[in-house]
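So the structure is just underneath, and the comments pick up after that.
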2 protein chains.
Amino acid sequence: MSISTELPSTHNHSNCINAALTMATQLCVERGVQLTSIRQQVLELIWTNHHAVKAYDLLERIKPLQSAAKPATIYRALDFLMAQGFIHRVESLNAFIGCCDLKTAHEQLLLICKQCKNVEERHADVVMQALVQELQNANFIAHSKAIEIQGICENCSQTLNTEIPA
Amino acid sequence: MSISTELPSTHNHSNCINAALTMATQLCVERGVQLTSIRQQVLELIWTNHHAVKAYDLLERIKPLQSAAKPATIYRALDFLMAQGFIHRVESLNAFIGCCDLKTAHEQLLLICKQCKNVEERHADVVMQALVQELQNANFIAHSKAIEIQGICENCSQTLNTEIPA
DNA sequence: AATTGATATGTTATATTGTAACAAATTAAC
DNA sequence: GTTAATTTGTTACAATATAACATATCAATT
């Protein structure tokens with residue numbers, strides 16, 4: 001049995017990378033902050049695919065480019081990218097993904113596929129509105145919201161279904 | 001300025017502890033699994049209050065009772081207690097809390113107060129229903145759901161409001 | 001161009017969180 | 001009582017993250 005570890009073939013990933021980098025560059029100019037080469041390299045490495053990436057994997061991957069890189073190098077870049085909203089931390093994986101929606105910067109739903117490791121970010125406005133209402137009911141002042149769902153994505157469950165004989 | 005780190009005075013915490021231990025004991029009998037003394041002690045230590053507790057803090061706290069305790073001692077007990085649904089892992093804190101709702105065992109909303117460190121578990125049925133619908137829309141098969149909100153709880157924001165002069 | 005202040009990076013060391021692997025002990029079932 | 005399964009002890013280490021301080025870079029002003 002083969003297992004899908006890819007996104008649908010309709011997905012042209014270079015579009016994702018280009019859009020993210022262009023947008024980040026533009027926003028940094030607007031905000032008067034510096035997208036230094038280390039920060040840009042880390043952002044590009046995170047955007048290698050739609051998997052969540054671990055800090056120490058980033059460290060290994062950046063070493064050919066930045067031979068002096070140490071853990072702090074990566075964590076500082078990650079802190080910057082998170083502060084700017086360019087990436088998300090996936091709490092349940094201790095890992096990081098690129099943010100797919102830099103314009104609205106809503107906090108969103110993360111669908112984490114255990115099979116292919118892709119993480120999909122969804123708007124889920126209905127869920128978010130219900131959540132905001134519930135937080136009001138609780139008189140809770142939210143600073144950050146993380147909704148992380150672990151399971152099997154559509155693509156993987158279809159692949160499994162069609163490849164396992166009855 | 002004083003800062004509240006307590007629950008409202010209406011809260012009688014020994015009720016929480018007793019209920020949790022009684023229920024856990026009963027469920028272990030029903031399920032034919034062993035609530036050994038280590039496991040029970042860890043569960044009690046988690047229920048010391050409504051804060052999320054870190055594994056290594058539990059290790060320090062259990063040492064007077066179990067002098068041979070090592071990290072694995074704690075992590076095994078935590079694994080057991082999670083498998084039985086007696087505790088939750090708080091992903092965004094790398095910490096653990098007692099589950100307040102052993103009967104229904106719904107996955108719930110965690111409200112994490114940065115001020116007093118208490119973690120409140122809420123049913124939030126509307127949110128959960130919206131979430132289930134959204135997951136159906138996405139054709140995502142969920143195995144676990146974590147909704148973790150960081151912020152300031154009702155009690156702390158009231159305390160702050162009344163104690164900071166205008 | 002030199003000075004300054006702010007920001008970013010280099011570097012070392014260490015803290016924190018979590019697991020693997022195998023031996024020994026305990027418990028439950030026969 | 002013997003056996004099989006489960007639990008615990010123990011050692012070692014892997015993986016994740018931060019503290020602290022030195023150095024370098026950059027941009028704005030003298």
Side-chain angles (χ1 to χ4, degrees), chain A residues 24-25 27-43 45-46 51-84 86-97 117 146 148 150, chain B residues 24-25 28-43 45-46 51-84 86-97 117 146 148:
Chain A
T25 304
L27 287 171
C28 283
V29 172
E30 285 177 13
R31 295 171 185 173
V33 296
Q34 303 175 47
L35 190 61
T36 63
S37 75
I38 288 179
R39 291 166 176 176
Q40 177 165 345
Q41 284 163 4
V42 170
L43 184 58
L45 288 172
I46 287 176
H51 297 195
V53 194
K54 305 224 147 214
Y56 277 73
D57 289 342
L58 289 170
L59 181 54
E60 289 313 304
R61 291 204 223 156
I62 209 175
K63 273 187 177 162
L65 306 169
Q66 300 284 343
S67 56
K70 301 277 186 318
T73 313
I74 297 299
Y75 282 103
R76 284 165 178 162
L78 292 171
D79 285 346
F80 172 85
L81 295 170
M82 282 192 287
Q84 298 302 321
F86 299 161
I87 64 173
H88 297 294
R89 183 184 159 83
V90 185
E91 302 290 354
S92 55
L93 299 178
N94 293 338
F96 304 85
I97 56 166
K117 311 298 181 194
E148 300 185 4
Q150 305 251 1
Chain B
T25 303
C28 283
V29 172
E30 285 176 13
R31 294 169 186 174
V33 296
Q34 304 174 46
L35 189 61
T36 63
S37 74
I38 288 178
R39 290 165 177 177
Q40 176 165 344
Q41 284 163 4
V42 170
L43 183 56
L45 289 172
I46 288 176
H51 298 193
V53 194
K54 305 223 147 214
Y56 277 72
D57 288 344
L58 288 170
L59 180 54
E60 289 313 304
R61 291 204 221 155
I62 209 174
K63 274 187 178 162
L65 306 169
Q66 300 284 343
S67 56
K70 302 276 186 316
T73 314
I74 297 298
Y75 282 103
R76 284 166 179 160
L78 292 172
D79 285 346
F80 172 84
L81 296 170
M82 282 192 289
Q84 297 302 322
F86 300 161
I87 64 173
H88 297 294
R89 183 185 160 82
V90 184
E91 302 290 353
S92 55
L93 299 177
N94 294 337
F96 303 85
I97 56 167
K117 311 299 182 193
E148 301 185 5

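Within every chain, numbering begins at 1; the chains are lettered A, B, ... in the order of the sequence lines, protein sequences first and strands thereafter.
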> Just wondering, do T73(B) and Q66(B) contact through their side chains at under 4.5 Å, heavy atoms?
Replying inline: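 Contact flag for Q66(B)/T73(B) side chains = no.
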
>> Are R76(A) and I38(A) packed together at the side-chain level, in the sense that at least one heavy-atom pair is separated by less than 4.5 angstrom?
In response: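 R76(A) vs I38(A): side chains apart.
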
What is the distance, to the nearest angstrom, from the [atom1] atom on [X] to the [atom2] atom on [N]?
X	N	atom1	atom2	result
E91(A)	dT16(D)	CD	C1'	13 Å
N94(A)	dA14(D)	CG	P	18 Å
R39(B)	dT26(C)	CZ	C1'	12 Å
L35(B)	dT8(D)	CG	C1'	15 Å
L59(A)	dT11(C)	CG	P	13 Å
K54(B)	dT18(D)	NZ	C1'	12 Å
L81(B)	dT7(D)	CG	P	12 Å
I74(B)	dT17(C)	CD1	P	13 Å

> For the residue pair F86(A) and R31(A), what are the closest heavy atoms and their distance?
Replying inline: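 Result for this residue pair: CE2-NH1, 3.9 Å.
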
> Between H51(B) and I97(B), which heavy-atom pair has the shortest distance, and what is it?
Replying inline: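 Heavy atoms only, the tightest pair is O-CG2, 3.7 Å.
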
Proximity to the side chain of [X] - top-ranked nucleotide from [options]:
X	options	result
K70(B)	dA17(D), dT27(C), dT11(D)	dT11(D)
T73(B)	dT7(C), dG9(D), dT7(D)	dG9(D)
R76(B)	dT16(D), dT10(D), dG10(C)	dT10(D)
Y56(A)	dT8(D), dG18(C), dT16(D)	dT16(D)
T36(A)	dA8(C), dT16(D), dT11(C)	dA8(C)

> Starting at the 5' end of DNA chain C, which residue's closest nucleotide do you reach first, F80(A) or A72(A)?
Replying inline: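 So the residue in question is F80(A).
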
> For Y75(A) and dT18(D), do the ring centres fall under 5.5 Å apart while the planes stay under 30° apart?
Replying inline: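 No.
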
> Mind checking what makes salt bridge (charged side-chain N to carboxylate O under 4.0 Å, His left out) contact with R39(B), not counting sequence neighbours?
Replying inline: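 Checked R39(B) against salt bridge (charged side-chain N to carboxylate O under 4.0 Å, His left out); zero matches.
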
>> Can you see whether S92(A) engages Q150(A) through a side-chain donor-acceptor pair at a distance of less than 3.5 angstrom?
In response: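 The criterion, which ignores hydrogens and geometry beyond distance, is satisfied for Q150(A) and S92(A).
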
>> I need the residues from residues 60-69 of chain B with at least one non-hydrogen atom less than 4.0 Å from DNA chain D; give them sorted by number, or say none.
In response: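 Close to the strand are A68(B).
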
>> Just to verify, which of L65(B), I62(B), L59(B), T36(B) counts as forming a side-chain contact (heavy atoms from CB on, under 4.5 Å) with V42(B)?
In response: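 Exactly one candidate clears the test, I62(B).
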
